[in-house]
Amino acid sequence: MNNKKTYIFIGLAVVVAALVVYGVFALRPGGGTGGAARHAFVDRDMQKAVYLYFAVRGGGDLAAEERVVADPGDATGLARNIAEALVEGPRSGNLVRTIPEGTVCQGLYIRDNGIAYVDFSPAIKGNHPGGSRTELLTIYSIVNSLVLNVDAIEKVKILIAGQDADVLAGHIDLRFPFDADMRMVQ
């Protein structure tokens with residue numbers, strides 16, 4: 001009878017040890033399934049309040065709209081969710097979109113030097129109404145929303161269809177990364 005209890009005890013100890021080892025590897029960042037299951041879990045459960053900058057209706061300035069976005073626990077994922085929320089447009093009636101309808105955020109990555117590269121579909125250029133002030137509103141809507149909400153981002157470089165672009169809609173030079181600028185914000 002003692003041998004039977006010993007085998008049961010050893011069996012339970014092996015199961016507990018296996019669960020502990022699984023938990024250590026599966027729950028660490030990027031562990032288990034290459035991070036996919038971890039990010040899916042975090043996306044559903046972790047959120048962050050951020051400030052998105054949109055144009056004021058009838059004015060030539062930006063104003064912040066508080067929004068809650070999914071925070072997957074990494075700067076790139078958070079930045080991508082912010083960019084996608086900007087593309088969706090504002091929820092407040094006194095604000096208007098700064099990114100033209102039909103635009104898609106095709107990608108976003110952050111380099112170690114703090115520069116975020118955000119890639120938009122050609123609609124950001126092709127559907128843009130133009131005008132230097134409107135172009136500035138679009139640029140600083142994107143830049144301020146990313147720099148001021150994501151600690152890892154210091155500057156933003158805007159790409160169109162994965163390529164450098166000289167201008168957005170004919171006026172503002174896009175060849176270099178932008179710093180945040182609050183002079184256009186109410």
Side-chain angles (χ1 to χ4, degrees), residues 43-44 46-72 74-111 114-186:
D43 281 346
R44 286 192 308 268
M46 292 185 65
Q47 298 182 342
K48 181 175 182 175
V50 297
Y51 290 97
L52 305 178
Y53 293 87
F54 296 104
V56 176
R57 184 178 302 283
D61 292 325
L62 296 171
E65 177 181 87
E66 187 172 8
R67 184 85 59 90
V68 176
V69 297
D71 183 356
D74 66 286
T76 301
L78 176 60
R80 174 83 188 230
N81 291 341
I82 289 170
E84 289 173 354
L86 285 171
V87 167
E88 290 173 14
R91 294 183 179 158
S92 172
N94 65 331
L95 299 175
V96 294
R97 67 176 42 252
T98 54
I99 298 175
E101 287 195 53
T103 303
V104 175
C105 177
Q106 297 181 155
L108 190 146
Y109 64 95
I110 304 169
R111 298 201 46 189
I115 298 176
Y117 293 79
V118 59
D119 181 21
F120 291 103
S121 65
I124 196 170
K125 185 173 185 164
N127 295 348
H128 201 280
S132 58
R133 185 68 176 187
T134 306
E135 287 180 51
L136 285 170
L137 290 172
T138 297
I139 290 165
Y140 285 104
S141 167
I142 297 163
V143 174
N144 290 352
S145 295
L146 291 172
V147 172
L148 300 174
N149 287 297
V150 182
D151 292 337
I153 299 176
E154 296 176 22
K155 294 182 179 195
V156 176
K157 173 77 167 91
I158 297 171
L159 304 173
I160 300 174
Q163 303 293 316
D164 284 323
D166 291 338
V167 292
L168 179 57
H171 298 93
I172 308 302
D173 188 346
L174 293 182
R175 293 177 295 164
F176 305 99
F178 291 86
D179 291 306
D181 188 340
M182 298 302 285
R183 290 178 287 183
M184 296 180 77
V185 177
Q186 286 188 351

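Just so it is clear, the values below take in all heavy atoms, side chains as well, and ignore hydrogens, waters and symmetry mates.
Among all heavy-atom pairs drawn from Val118 and Cys105, the shortest one is CG2-SG, 4.0 Å. Across all their heavy atoms, Leu108 and Ala79 have their closest contact at CD2-CB, 3.5 Å. Closest non-hydrogen pair, Ala123 versus Thr103, comes out as C-OG1, 3.5 Å. Smallest separation of non-hydrogen atoms from Asn149 and Lys48: O-NZ, 3.3 Å. Closest non-hydrogen pair, Arg67 versus Gly89, comes out as NH2-O, 2.8 Å. Summarising the geometry of Pro129 relative to Thr134, their closest heavy-atom pair is CG-CG2, 3.7 Å, with the distance given to 0.1 Å.
One finds the CD1 atom of Ile158 at 6.0 Å from the CD1 atom of Ile124 (value rounded to the nearest 0.5 Å). Rounded to the nearest 0.5 Å, atoms CD (Glu135) and CG (Leu168) are 5.0 Å apart. Going from atom CG of Asn81 over to atom CG of Leu86 covers 11.0 Å, rounded to the nearest 0.5 Å.
Annotation: Lys155, atom NZ; neighbour count of heavy atoms from other residues, nucleotides and ligands within 6.0 Å does not exceed 12. The environment of CD in Glu66 is crowded: more than 12 heavy-atom neighbours from other residues, nucleotides or ligands sit within 6.0 Å.
Shown here are the side chain to side chain donor-acceptor pair (under 3.5 Å) partners of Arg97, two or more places apart in sequence or in another chain: there are none. Not counting sequence neighbours, the partners of Lys157 by the side chain to side chain contact (heavy atoms under 4.5 Å, CB included) test are Ile115, Tyr117, Leu159, Asp164, Pro177. Partners of Thr98 according to the side chain to side chain donor-acceptor pair (under 3.5 Å) rule, which considers only residues two or more places apart in sequence or in another chain, are Ser141. Looking at residues two or more places apart in sequence or on another chain, you find a side chain to side chain donor-acceptor pair (under 3.5 Å) between Glu84 and Arg80.
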Which donor-acceptor pairs under 3.5 Å do side chains of residues 52-63 form with protein atoms, sequence neighbours excluded?
residue : atom : partner : partner atom : Å
Arg57   : NE   : Gly93   : O            : 3.0
Arg57   : NH2  : Gly93   : O            : 3.2
Asp61   : OD1  : Arg133  : NH2          : 3.0

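Val50 places none of its side-chain heavy atoms less than 4.5 Å from the side chain of Asp71. Looking at heavy atoms from C-beta onward, Asp179 lies out of side-chain contact with Val147 at the 4.5 angstrom threshold. Looking only at side-chain heavy atoms (C-beta outward), Gln106 and Pro122 come within less than 4.5 Å of each other. Contact annotation: the side chain of Asn144 never approaches that of Met184 to less than 4.5 Å [non-hydrogen atoms, C-beta and beyond].
Proximity of a side-chain donor or acceptor of Asp119 to a complementary backbone N or O of Gly162 within less than 3.5 Å is detected. Glu65 contributes no side-chain N or O that, together with a main-chain N or O of Pro90, makes up a donor-acceptor pair within less than 3.5 Å.
Every pair passing ring-ring contact (aromatic ring centres under 6.0 Å, His included) that includes a residue from residues 124-147 is listed here, sequence neighbours excluded: Tyr140-Phe178.
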Asp181 and Leu136: CA distance, side-chain angles, deciding distance, side chain to side chain contact (heavy atoms under 4.5 Å, CB included) verdict: CA-CA 10 Å; Asp181 188 340; Leu136 285 170; over 6 Å; no

